[in-house]
Structures are given as C-alpha cells and as structure tokens.
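Residue numbering restarts at 1 for every chain, and letters A, B, ... go by the order of the sequence lines.
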2 protein chains.
Amino acid sequence: MAKKQKKAFREFLESQNLRLTREREAIIEHVLRKHGHFDPEELHFELKGNGAKVSRASIYRTIPLLVNAGIIEKVENTDKHAHYELILGRKHHDHMLCTRCGKVIEFYSEGLERLQDRLCKAEGFKGNSHTLEIKGLCSRCNR
Amino acid sequence: MAKKQKKAFREFLESQNLRLTREREAIIEHVLRKHGHFDPEELHFELKGNGAKVSRASIYRTIPLLVNAGIIEKVENTDKHAHYELILGRKHHDHMLCTRCGKVIEFYSEGLERLQDRLCKAEGFKGNSHTLEIKGLCSRCNR
DNA sequence: AAGCTTATTGAGATTGAATCTCAGTCTAAG
DNA sequence: CTTAGACTGAGATTCAATCTCAATAAGCTT
Ligand SMILES: [Mn+2]
Ligand SMILES: [Mn+2]
Ligand SMILES: [Zn+2]
Ligand SMILES: [Zn+2]
C-alpha cells in the first residue's frame, strides 16, 4: 500500500533539494506504523530493534523534516522531552490529559475551530495552527 | 503595598511545612514586579543585578512552589526552555504567537471557556486548567 | 533570648535531551 | 560512470534542569 505520507515526504525533500536516504525512509515507515504519540528516543530504540541501523543523530535530524513536511506535529510535553504524532491523513484534534493516570483523550469540535477563527479575525491574526491541551481528571480518575 | 500574592505564597508554604526564606521572598517580589512572560535564567540574572544573592538552584527550586501555590503558570515554549507568567490576580487568558516577529497576543473569550467546559462534560472529564496557543502571523506580519 | 529540629541554601557535579563536528559514504543528476 | 554535494554515525558538546551535601537559617519551644 503506497502511502500518501511517503509521497508527501518525497516531494517535500525534492522541493528542498534534500535526498531520500535509507535512513529517512526507515524512519518515516516506522512512524507510519505507529499509533498514538511517540518521542525520538522511543523511535531510536524501536528502529534498532527492527534491525534498521539508524543513528540517534539521524532521528533528531529527520524529525524536523517530517514536521516541516506537515507529516507529524509536536504534541506538547507532559514530560520534559518532546512528543510527536502523525497528522497527515488524520483528522485534526486536540487533547485532554489526565494528570492522575496519564490518559490522553483526543477530541474534535467544529464549533471550537470556528470560534478560534473568529477570535483570530478579531485580532487581525492569521492563525495557521493551534494546540489546545486541557489538563484535569479523566472519567475514571475523578470520582 | 501588601500583595495578595505574597500572602497566598506565605499561606501555601505554611500549609506544606515549608519556610519563607529571604531567597524565596526576593524571588516572589521580583516576579510580582515583572510584566509579561519570563524564564528562570532571566530571573536569576535580574536578581543578581538587583544585588540580591539568590543561586540558580534556588530559582529552579522556588518556581515549582510558585506554580503549586497557583501564583505563576508555565506558558508553553516557543523556545526550548520553560517560560512562566504571573496568574494570581490576573484574568485568565490564552495566547496567539506570531511566528515571524515573536509577538504575543493575549486574549480571552467567555464563549471559548464555556465551550471547553461543555466538551469536558461530554467526555466525563473534569478539566481544571488548559493552554491554548494559536500560532500564525500577527496583523503587522501578515500582509 | 537561647536552644533545637529540620528545612534550605549555594557551589559545583551530574543528568539527559538535543545539537554539532567532521571524515567517510551515498544520492541523484548529468 | 562520474561527480558535486547532501548525508551519516560516533562521539563530543551544549544547555536547561536537577541533584549532592556540608554549612545555614527559619521558626518552634521553652
Ligand atoms: Mn493526539
Ligand atoms: Mn500571557
Ligand atoms: Zn485518569
Ligand atoms: Zn508578527
């Protein structure tokens, strides 16, 4: 199954005079197989396990490329290191984070998106991405 | 001028069996004098300039206390280090960040707050804080 | 005011994520 | 096939943040 994300990456690299190397290919393929949020070290560990030989440096160098290509996005940190998730081909969503058990709830609200557009317009601001994180207790933890 | 924030800090410390030291006092007083967002190193530098002798370690140790006391809050990072702002005694607000010039626009929307409450309720989630950051171009940068 | 318990401090060491260096390697265009 | 120059990996480096621990000081108690 030819992935549209790989195509997008290839085209992005081409547009920047960058090259699609074995390492970058291994990284994006691994990212596409993942579900949920991930971090660079996790990626490095798993890729080694897979037999792929990709250095930590290449992981850290490739992540910003995937971000700039619009394929992944940084998810703000509960932890102290960066977390990412696949976005190209997925529906946009925001997050609720349970501060007790760590559960992550993904949600989407059309009304929320429209309201943000209106608020931007009121400031003459041209928004082109946003992050909304709500912290609190999930349904299981809050009784 | 007696600051309600200092009172809150004193009470918080007391409730935790912690002590109000010269260093902690110098730090909160400096924070109360600041406008806008700040980071720990900036605080350290400015306090030294003021003649106060407060170590970097004490800055980093006091910040989480101020956060737990509800006096300051972390503002998510454009940079790679943490930024904070005073919240106790100020109206809650969210941020728009201009990715070109770095301008920070603070805004508040009652409707946005209510909508978030509704979304939390729909998930059985008890939200108790949130961060909304909209990235894009400010009115000056977007023409 | 003096004594005492224990939280706190500062200087410097340490951690850990992220970035950089650079000689050897590989991609992709011609 | 050749070649220019992008890319890689190992290890060094940076930098924010945290930790260590002996010396201090906060704030009770008498
Ligand atoms: Mn997500
Ligand atoms: Mn603010
Ligand atoms: Zn939970
Ligand atoms: Zn701007």
Across the strands shown, which category fits Arg56(A) at heavy-atom distances under 4.0 angstrom: base, sugar-phosphate, nothing? nothing
DNA chain C: 5'-proximal contact among Leu20(A) and Glu23(B) (nearest heavy atom): Glu23(B)
Please determine whether a side-chain nitrogen of the Lys or Arg among Glu42(A) and Lys34(A) lies less than 4.0 Å from a carboxylate oxygen of the Asp or Glu. yes
Phosphate OP1/OP2 of dA18(C): any Tyr60(A) side-chain N/O under 4.0 Å: yes
Taking the side chain of Ala57(A) as heavy atoms from C-beta outward, which of dT6(C), dC20(C), dG10(C) is closest to it? dC20(C)
Are a donor atom and an acceptor atom from the side chains of His130(A) and Gln116(A) found within less than 3.5 Å of each other? yes
Can you see if the side chain of Thr21(B) gets near the phosphate of dT8(C) - specifically, an N or O under 4.0 Å from OP1 or OP2? no
For Glu85(A) and His37(A), does a side-chain donor sit closer than 3.5 Å to a side-chain acceptor? yes
Nearest whole Å is fine: how far is dC20(C) P from Ile59(A) CD1? 17 Å
From the options dG10(C), dA17(C), dA17(D), select the nucleotide whose nearest atom is closest to the side chain of His81(B). dA17(D)
For His30(B) and Glu46(B), which I'm curious about, is there any donor-acceptor pair between the side chains at under 3.5 Å? yes
DNA chain D nearest-nucleotide lookup for Lys80(B) and Arg22(A): closer to the 5′ end is Arg22(A)
Can you measure Glu14(A) atom CD to dT27(C) atom P for me and round it to whole angstrom units? 16 Å
Among dT27(C), dG10(C), dA18(C), find the nucleotide with the atom closest to the side chain of Ser58(B). dG10(C)
Roughly, in whole Å, what's the span from CD in Glu25(B) to C1' in dT9(C)? 16 Å
Short side-chain N/O contact from Arg24(A) to OP1 or OP2 of dC7(D), under 4.0 Å: yes
Considering only side-chain heavy atoms of Arg61(B), which listed nucleotide, dG9(D), dA17(C), dG10(C), is closest? dG10(C)
